[in-house]
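Below is one structure; the comments refer to it alone.
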Amino acid sequence: MPGALPGTAAEPPWASRPTVRPSLVERFGPPALAVLLIAVLTLVGLLNLKYAKVDVLSDDTAVAAIDADADAELVPEGETPPGLLHRSAPPIFEPEEEQPDTEAPVDSDPALDRDRDGPPPPVPAPEGEPLPPGAAAQVEQIVGIALRASRDGENWQWERLEAQSTLQPGLIVVNLPPSRTILDLGSVGVTLVGRADLRVDLPGPDREARFDLIDGDLLLRPSAEGGAVEVGVSGRTLTLDPPPGQPIGLSAAGVRAPGEPAGRPGLTIALSEGSLTASVDGGASETFEGPALIAFDPEAGSFATSAGAEALPAWIDDPEPTEAELADIEAFSGFFSDSSGPLPFVLLEGTMDEEPAIRRLSVAALGAMGSIDPGHLELVAELLNTPDAPELRAEAMTILLRQMARGPEEAAMVHRLLDRVAPAEAVAPMDRLLTGYPEDRQQSPEVLAELVGALSSPNPGVRQLALQTLMTITGRDAQGYDPDSPDEDALESWRSLLSSGDPSPRGRSSPTPKAGDRRR
């Protein structure tokens, strides 16, 4: 039709129709196409496995064969990946025939040994190796039990710490007495001795290590090259430059005189030999010569020294556990291995164990955790009321006295706990007995009469506290008095001593230990 546009109905029917080609399905059929698709996917999968360093075995089992570089990047140092099978596998393509090796075999890396009987033993990190990026410390060894404490909002999370664990900044390590825990802080090492609470952190510029000693004892082991270490204690930062390669001891504990409602925090530095330089919060440095005990007062920011190697703790030269401590460690570790459930319940169960050592160490563990989490300290305070358990009450008294010596806030916490857990008639006597009496009043008739009267209290905790105070003040033994079975004859013995006007042996008073003193 004249004037018609191209592509309109005037064109031939075939002008705009595309050429139709047969599809793959039509050309080869569905079965052939399926076979081709499976072959392509199989080839792609094999190539992916090859480049991912996975060998394919003849029995179609994939076994990871990670080389040394991949181990260093993906596997924490000293650990073997779970389920990793170290064994040879035939390659995808047949290699050329290998010639027999006529050279003498060389020692292989234990971490890469291929063992069909099971995974190889973990390989400890080489000494002097740098810490993993972002880590503040790494656990080298634990003889006994140590715990990891971390804050989750208002609650504390507790886990048992394992050797070779990596510790992130801010994490707290609680060493349960009488255990020993060795930490690697890079070029510096520390050994936690008995009860010790330590918070790890990253060091500042030109510092070898940084940590906060919250409570307890540790041995600081500087490198042979030396270097400054930052130690946080009660809100202060000490910069210590110890003698290169010469261990020094650090002991954090409160100091409280009898009769004072609360103590104050303190740190003692034990220097066996060499020179130690110390400064507070970046101020002027002071230098000390060993052997010496250096007392640091965080409130005043000052140091005081007393010379003499005889005053140094024995663990400065030998931090290894004694035979008695090893026996306790073995028993307590066995108890932990046989127990399950949340740690507070495990330890409460331990306070009722048949073995006296397990009962005592369970209370001590609750006390160590109570330095961080007051909830555990409340469990300790409740034990003061436990009848027929003098060893539990004695351990609980020691822990509460230690807590009161750490400062006013800690002392106020102890008094609040007594209000909650002690019977109403026992709160005031317990408060008074835990606070103690000033030295110039201890042997006054009024104090002695009050103490002898407390031996008749209905509460076993009050009776034991009164007896312990009387024995300390007078230097005498228990006079046959048993706080769990008080009898009239024993009470009359103490009344007779009181009426004599001279209860001390041979008319002389015995020295009174301070409430903040710690037993070794």
Side-chain angles (χ1 to χ4, degrees), residues 79 82 139 141-168 170-181 183 192 194-200 214-216 321 325-389 391-400 402-403 413-414 417 420-422 461:
E79 295 184 9
V139 182
Q141 184 183 12
I142 301 175
V143 180
I145 299 173
L147 305 176
R148 176 204 310 257
S150 57
R151 196 75 177 262
D152 182 13
E154 295 296 323
N155 300 317
W156 285 93
Q157 303 296 323
W158 294 89
E159 299 176 73
R160 184 170 179 178
L161 195 61
E162 302 292 342
Q164 305 305 317
S165 299
T166 298
L167 308 180
Q168 298 302 316
L171 191 139
I172 296 176
V173 177
V174 176
N175 195 61
L176 302 187
S179 305
R180 303 290 193 273
T181 298
L183 303 179
L192 306 183
R195 172 172 175 165
D197 302 332
L198 178 77
R199 181 188 290 108
V200 297
I214 301 171
D215 194 12
E325 288 175 329
L326 283 173
D328 282 347
I329 288 171
E330 182 178 0
F332 201 42
S333 298
F335 163 75
F336 253 75
S337 299
D338 295 339
S339 303
S340 61
L343 279 173
F345 293 105
V346 170
L347 294 173
L348 282 177
E349 181 181 291
T351 63
M352 298 178 285
D353 195 88
E354 295 179 355
E355 292 294 328
I358 300 300
R359 296 197 297 268
R360 172 174 49 83
L361 293 171
S362 296
V363 182
L366 288 170
M369 298 167 70
S371 297
I372 308 300
D373 185 355
H376 293 83
L377 204 64
E378 183 170 351
L379 299 177
V380 173
E382 289 178 347
L383 295 173
L384 288 177
N385 305 308
T386 307
D388 302 318
E391 73 284 354
L392 296 188
R393 296 194 301 263
E395 191 69 35
M397 292 171 192
T398 300
I399 292 169
L400 295 178
R402 182 186 183 106
Q403 185 75 5
M413 179 192 303
V414 171
L417 291 177
R420 288 209 295 265
V421 304

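Quick caveat, the model's predicted, so the values are computed rather than measured.
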Minimum heavy-atom separation for [X] to [Y], with atom names?
X	Y	result
Phe335	Gly350	CZ-CA, 3.4 Å
Leu348	Thr351	O-OG1, 2.5 Å
Ala146	Val173	CB-CG1, 4.5 Å
Gly370	Gln403	O-NE2, 4.5 Å

**Asked** According to the side-chain hydrogen bond (donor to acceptor under 3.5 Å, both in side chains) rule, which pairs have a member within residues 357-366, sequence neighbours left out?
**Response**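 Those involving residues 357-366 are Asp328-Arg360, Arg359-Glu391.
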Review point. Pairs in or reaching into residues 330-347: which pass side-chain hydrogen bond (donor to acceptor under 3.5 Å, both in side chains), with residues at least two apart or in two chains?
Key: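 Applying side-chain hydrogen bond (donor to acceptor under 3.5 Å, both in side chains) to every pair that reaches into residues 330-347, excluding sequence neighbours, yields nothing.
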Exercise. Taking only residues two or more places apart in sequence or in another chain, which ones pass side chain to side chain donor-acceptor pair (under 3.5 Å) with Glu378?
Worked result: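 Counting only residues at least two positions away or on another chain, Glu378 forms a side chain to side chain donor-acceptor pair (under 3.5 Å) with Arg420.
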Quick one: list whatever passes side chain to side chain donor-acceptor pair (under 3.5 Å) with Ser179, sequence neighbours left out.
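For Ser179, no residue satisfies side chain to side chain donor-acceptor pair (under 3.5 Å) once neighbours in sequence are set aside.
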Taking atom CD of Gln168 as the centre, does the number of heavy atoms from other residues, nucleotides or ligands within less than 6.0 Å exceed 12?
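Counting other residues, nucleotides and ligands, CD of Gln168 exceeds 12 neighbours.
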Would you list the pairs meeting ring-ring contact (aromatic ring centres under 6.0 Å, His included) in which at least one residue belongs to [range], sequence neighbours left out?
range	answer
residues 339-371	none
residues 346-374	none
residues 355-389	Trp158-His376

Kindly compute the distance separating [atom1] ([X]) from [atom2] ([Y]), expressed to the nearest 0.5 Å.
X	Y	atom1	atom2	result
Leu192	Leu198	CG	CG	5.5 Å
Leu183	Gln141	CG	CD	11.0 Å
Ile372	Leu147	CD1	CG	10.5 Å
Arg195	Asn175	CZ	CG	11.0 Å
Leu377	Met413	CG	CE	6.5 Å
Leu361	Leu347	CG	CG	10.5 Å

Checklist entry - Does Arg199 have any salt bridge (charged side-chain N to carboxylate O under 4.0 Å, His left out) partners at least two apart in sequence or in another chain, and if so, which? => result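 So Arg199 forms a salt bridge (charged side-chain N to carboxylate O under 4.0 Å, His left out) with Asp212.
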Any residue meeting side chain to side chain contact (heavy atoms under 4.5 Å, CB included) with [X], in chain and number order, not counting sequence neighbours:
X	result
Gln157	Ser150, Asp152, Asn155
Glu354	none
Pro321	Val143, Arg180, Glu325, Leu326, Ile329

For residues 379-388, which side-chain donor-acceptor pairs fall under 3.5 Å, sequence neighbours excluded?
residue	atom	partner	partner atom	Å
Asn385	OD1	Asn459	ND2	3.0
Asn385	ND2	Val421	O	3.0
Thr386	OG1	Leu383	O	3.1

Set out, in order, the CA-CA distance, both residues' side-chain angles and the distance that settles side chain to side chain contact (heavy atoms under 4.5 Å, CB included) for Ile399 and Leu366, then state yes or no. CA-CA 9 Å; Ile399 292 169; Leu366 288 170; over 6 Å; no
- Query: With distance as the sole test, does Arg148 use its side chain to make a donor-acceptor pair with the main-chain N or O of Ser165 at under 3.5 Å?
  - Reply: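 Checking the backbone N and O of Ser165 against the side chain of Arg148, no donor-acceptor pair under 3.5 Å is found.
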Original post:
Ignoring hydrogens and geometry, is there a side-chain-to-backbone donor-acceptor pair from Asp197 to Val174 under 3.5 Å?
Top reply: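 Absent.
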| request: I would like to know whether Ile145 and Arg160 meet side chain to side chain contact (heavy atoms under 4.5 Å, CB included); could you show each step before the answer? | output: CA-CA 7 Å; Ile145 299 173; Arg160 184 170 179 178; 3.7 Å; yes
